[in-house]
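Residue indices begin at 1 and follow the sequence shown. Please read these numbers as outputs of a predicted model, since none were measured by experiment.
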Amino acid sequence: MNCEDCSFYVYDEEDDGWYCSVDMDEDDYAHLLLGHSRECPYYRHEDEYQIVRHQM
């Protein structure tokens, strides 16, 4: 998984940078930084056509 493909990875025009917009608590963030989990539990693949397929 790559953060650049995640729906929560957004661009902030004021800071001119990308960041993760998931609202996680300190414990979750610490586990993510320390590498206790192999994959991000919040990862969601950005799918631009999900809404269109749902409407069909």
Let me have the donor-acceptor pairs involving side chains of residues 21-28, under 3.5 Å, with sequence neighbours excluded, atom names and distances please.
unit_1: Ser21; atom_1: OG; unit_2: Phe8; atom_2: O; d: 2.9
unit_1: Asp25; atom_1: OD1; unit_2: Asp27; atom_2: N; d: 3.4
unit_1: Asp25; atom_1: OD1; unit_2: Asp28; atom_2: N; d: 2.9
unit_1: Asp28; atom_1: OD2; unit_2: Tyr42; atom_2: OH; d: 2.6

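Heavy atoms of other residues, nucleotides or ligands lying less than 6.0 angstrom from OH of Tyr29 number 12 at most.
The side-chain contact (heavy atoms from CB on, under 4.5 Å) test applied to Glu4 returns Asn2, Tyr9, not counting sequence neighbours. Contacts of Asp15 classified as side-chain contact (heavy atoms from CB on, under 4.5 Å), with partners at least two apart in sequence or in another chain: Asp12.
Here Arg44 contributes atom CZ and Cys6 contributes atom SG; the two are 7.5 Å apart, rounded to the nearest 0.5 Å.
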